[in-house]
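Please read the structure below before turning to the comments.
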Amino acid sequence: MYSNHSRCRACGYGPANVPEGIKAEDNGQRLIPVFDLGLQPLANDFRSEREEQAGFAPLKLLYCPRCSLAQLSVTVKPEILYTNYSYLTSGSVTMQNHFDRLFDDLGICQLNAVVEIGSNDGKMLAHWRHRKPELKVVGVDPARNLAQLAFEKNIGTVVSTFDREAARAANAIQPDLVIARHVFCHAHDWEGFIASLAIMGGPETRYVIEVPYVRELLDKLEFDTIYHEHLSYLSVRAIEALLADSPLALDSIQEYPIHGGAILLTLRRKGYSDTINPVVGRYLSQENFTLERWMEFSKDSCNRILELENRVELLAASQKKVCGFGASAKSTVTLRACHFSRKQIRFVCDNTPQKQWKLSPGSDIPIVDEGALLREQPDYCIIFAWNFADEIIAKNQPYLDAGGKFIVPGKTLQILPA
Ligand code: DWN
C-alpha cells in the first residue's frame, strides 16, 4: 500500500531507505520528524458500510534541515489513491471566480492551446473553453471515473498519472500553456514531473504550478491539509533547489486565497529571458521555515485539535446535536485527530454524489446530502470545508434563522452567530 520515504525530494538530503534506528553509513543525515498523527485512513477513501476500506498508513511529516522542505514519511501508491477518486473540483462560486481570475491573470484569451495536469472532471478546462470556444484543451488525470465526467463535458483526458508518456500524448495539441493545479504536491518523482513538463510545448510555453503555500499552513495552523495525497508542503526555496539542475526556471510568483492560501509558480525554459524576476529573490529572503517553526506548528496544532475535541465533547454531553458540513479530505483528518464518532458528530453534509451515503474514512460517521442540515436542524454545524466558509454560511441562512450555529475551525475557533 505504501513505501517509506527518507531522502528529500527537493535536494536529496538523507539516507537511502535505511530502517529507523539503524545508523546509516552517511554520518546519520536524516530528515527530522516534526508532526505525527499516527496511522490514518486515506482522506478520500469514502466507502459504504458494505465496502472494504483501503486501509491505514502512517501520517508523519519530516523536515529537511538542508532545504527546509516538509514531506511525508511514506508514499502511498498513486493507483490506490487516484484510480477511482472521490474528490471533484469544486463547483462552488468561489472556485468559479478563481478560474476566472486565472483566465484573466494568465491571459488565456490570447492562447491557442492549454494542457491541464490533474484535470479531475474537466471543470476548469470546460469553464475556460466556455469563455474562449476556440481554445484547444486536453487534460491528464489517472482517475477513470473523473475522465468519464470530463468526456461528458467534451473534454478529452489522457487517463494516466502524469509522466513522460502522458506528456507526449497531451503534447499533440502543442500547448502554449501547461497548468498543474494542486497536483505537484501530490507527486513523488519531482525530477520526472519537471522533465515531463519540459517535453511539452515550445520555447515560449509557460508551465504554471499552483500549490498550497506552506507559509499559510504554518501561519493558520492548517494541520488538516496534511494527508497522504499531499506528499510535500511547498516553499519557493524547495522549488528553486529542485529547478537548479532542470531545463526550467522560476519566472514569476502570484498568490491566491484559494484552498487556504496558494502560490502560483510560472516556470519557463531556461534561456527564455535573461532578466531574473526580483519577486523570486524576495520570497527566498522572506522564507524562514525553520525546524523550530515547525515544532511550534505541531504544538499549536495539537492544542487546536484538543480545543475542538473538548468543545464538541461538552456539547454532546449536554445533549446538543452536532453535525459537519463539507466531507473534505480536511474533514477526514480532523474527525480522526479529534477521535470523533457518531456519538459526537451525527453526520456530515456534502453535495458530492460520489461521497453521499458513504462513511467518512476510518469512522462510522455517515455522509449525507446538504438538505439534511435543514431536515435535522442540529444545534451546531462544524464547517470542515472552512476554505468555502463564507459561501457555505451564506447559502445556509435558513439554518441560522431556525436557531442553528456554525462552528468554523481556524487558528482560533469561531462560533457564528456569536
Ligand atoms: O489537493 C486537494 C484539494 C485541492 O482538494 C485534493 N488532494 C483534495 C481536495 O481537498 P478537500 O477535499 O479538502 O477539498 P475541498 O474542495 O475543500 O472539499 C470541499 C468539500 O465540501 C467537497 O466535498 C464539496 C463540499 N461542499 C459542499 O458540500 N457544499 C463544498 C461547498 C462549497 C458546498 O457548498
Side-chain angles (χ1 to χ4, degrees), residues 41-46 59 72 76 78 80-82 85-99 102 116-121 123-124 141-143 146 161 179-187 209-214 216-217 222-234 256-264 323-336 347-358 360-361 365 367-374 381-397 399 406 408-410:
L42 306 182
N44 270 302
D45 189 32
F46 294 90
L59 189 55
L72 295 188
V76 174
I80 293 177
L81 290 171
Y82 304 115
Y85 197 38
S86 300
Y87 167 73
L88 269 65
T89 304
S90 172
S92 64
V93 172
T94 307
M95 190 58 79
Q96 305 304 309
N97 292 341
H98 183 60
F99 293 161
L102 292 180
E116 183 182 11
I117 314 298
S119 49
N120 196 274
D121 64 349
K123 208 165 265 140
M124 185 181 76
D141 199 288
L146 301 183
T161 304
I179 185 165
R181 288 195 62 253
H182 298 269
V183 62
F184 185 71
C185 48
H186 300 57
I209 294 176
E210 181 183 300
V211 287
Y213 189 28
V214 70
E216 300 298 290
L217 183 152
E222 294 172 350
F223 72 89
D224 52 357
T225 63
I226 297 171
Y227 43 85
H228 298 107
E229 296 173 19
H230 290 171
L231 296 176
S232 305
Y233 298 79
L234 271 294
Y256 295 91
I258 202 76
H259 284 305
I263 42 172
L264 195 85
C323 79
F325 201 103
S328 53
K330 297 183 286 286
S331 68
T332 303
V333 176
T334 301
L335 289 169
R336 294 278 308 180
F347 53 84
V348 177
C349 302
D350 196 285
N351 63 9
T352 312
Q354 289 81 352
K355 298 178 182 177
Q356 289 171 354
W357 322 120
K358 301 203 172 150
S360 181
I365 300 171
I367 312 304
V368 299
D369 65 302
E370 289 186 325
L373 187 62
L374 272 189
C381 177
I382 305 172
I383 301 182
F384 292 118
W386 43 261
N387 43 319
F388 297 118
D390 293 347
E391 185 170 344
I392 289 170
I393 292 168
K395 78 186 227 185
N396 288 292
Q397 189 57 44
Y399 167 69
F406 281 118
V408 187

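Every number for a ligand or one of its atoms is a count from 1 in the order of the listing.
Note that CZ of Phe184 is 14.0 Å distant from CD of Glu210, once rounded to the nearest 0.5 Å. The distance from the OG1 atom of Thr352 to the CD atom of Glu370 is 8.5 Å, given to the nearest 0.5 Å. Here the OG1-NE2 distance, from Thr225 to His182, works out to 11.0 Å after rounding to the nearest 0.5 Å. The CG atom of Leu373 lies 10.5 Å from the NZ atom of Lys395; values are rounded to the nearest 0.5 Å.
Contact annotation: for Ala329 versus ligand 1, heavy atoms closer than 4.0 Å belong to both the backbone and the side chain. Proximity of Ser328 to ligand 1, defined as any heavy-atom pair under 4.0 Å, is shared by backbone and side chain alike. Counting heavy atoms under 4.0 Å from ligand 1, residue Ala327 touches it through the backbone alone. Of all the heavy atoms of Phe325, the ones lying under 4.0 Å from any atom of ligand 1 belong exclusively to the side chain. Of the heavy atoms in Tyr227, only side-chain atoms (C-beta onward) come closer than 4.0 Å to ligand 1. Neither the backbone nor the side chain of Glu391 has a heavy atom within less than 4.0 Å of ligand 1. With a 4.0 Å heavy-atom cut-off, ligand 1 is reached by the side chain of Tyr85 but not by its N, CA, C or O. If you look at Thr225 next to ligand 1, there are no close heavy atoms at all, none under 4.0 Å. Proximity of Thr352 to ligand 1, defined as any heavy-atom pair under 4.0 Å, is confined to the side chain (atoms from C-beta onward).
Among all non-hydrogen protein atoms, the one lying nearest atom 34 (O) of ligand 1 is Lys395 NZ, 2.6 Å. Closest protein heavy atom to atom 21 (O) of ligand 1: Gly326 CA, 3.4 Å. Scanning all protein heavy atoms for the shortest distance to atom 14 (O) of ligand 1 gives Tyr87 CE1, 3.5 Å. Annotation: atom 30 (C) of ligand 1 to nearest protein heavy atom, Phe388 CD1, 4.3 Å. For atom 15 (P) of ligand 1, the closest non-hydrogen atom of the protein is Lys330 NZ, 3.8 Å. At the top of the distance list for atom 20 (C) of ligand 1, counting protein heavy atoms only, stands Asp350 OD2, 3.7 Å.
In this structure, Val211 and Arg181 have side chains that are not in contact, with every pair of non-hydrogen atoms separated by 4.5 Å or more. Counting heavy atoms from C-beta on, the side chains of Cys185 and Pro212 come closer than 4.5 Å. Contact annotation: the side chain of Asn44 approaches that of Tyr85 to within less than 4.5 Å [non-hydrogen atoms, C-beta and beyond]. Looking at heavy atoms from C-beta onward, Pro409 lies out of side-chain contact with Thr334 at the 4.5 angstrom threshold. Counting heavy atoms from C-beta outward, Asp350 and Phe325 have side chains that stay 4.5 Å or more apart. Side chains of Leu146 and Tyr82 form no contact here, defined as non-hydrogen atoms less than 4.5 Å apart. In this structure, Phe223 and Val333 have side chains that are in contact, with non-hydrogen atoms separated by less than 4.5 Å. For the pair Ser119 and Met124, the minimum side-chain heavy-atom distance is 4.5 Å or more.
For ligand 1 and Asn387, the ligand atoms under 4.0 Å from any heavy atom of the residue are 17 (O). Residue contact check: Lys355 has heavy atoms under 4.0 Å from atoms 22 (C), 23 (O) of ligand 1. Those atoms of ligand 1 that come under 4.0 Å of a heavy atom in His186, given as number and element, are 1 (O), 6 (C), 7 (N). Atoms of ligand 1 lying under 4.0 Å from at least one heavy atom of Ser92, given by number and element, are 32 (C). Of all atoms in ligand 1, listed by their number and element, those nearer than 4.0 Å to a heavy atom of Ala385 are 19 (C), 21 (O).
In this structure, His230 has a heavy atom closer than 4.0 Å to ligand 1. Remark: distances from the non-hydrogen atoms of Met95 to ligand 1 are all 4.0 Å or more.
Of the polar atoms of Glu229, at least one N or O is found under 3.5 Å from an N or O of ligand 1, judged by distance alone. Note: an N/O pair closer than 3.5 Å links Asn351 and ligand 1 by distance alone. For the pair His259 and ligand 1, the shortest N or O to N or O distance does not fall below 3.5 Å. Considering backbone and side-chain atoms alike, Glu370 places an N or O below 3.5 Å from some N or O of ligand 1.
Considering all non-hydrogen atoms of both residues, Lys358 and Phe46 come closest at CD-O, 3.5 Å. Taking both residues in full, the closest heavy atoms of Thr89 and Met95 are given as CG2-CG, 4.2 Å, listed atom of the first, atom of the second, then distance.
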Worked check of ring-ring contact (aromatic ring centres under 6.0 Å, His included) between Tyr233 and Tyr213: CA-CA 7 Å; Tyr233 298 79; Tyr213 189 28; over 10 Å; no
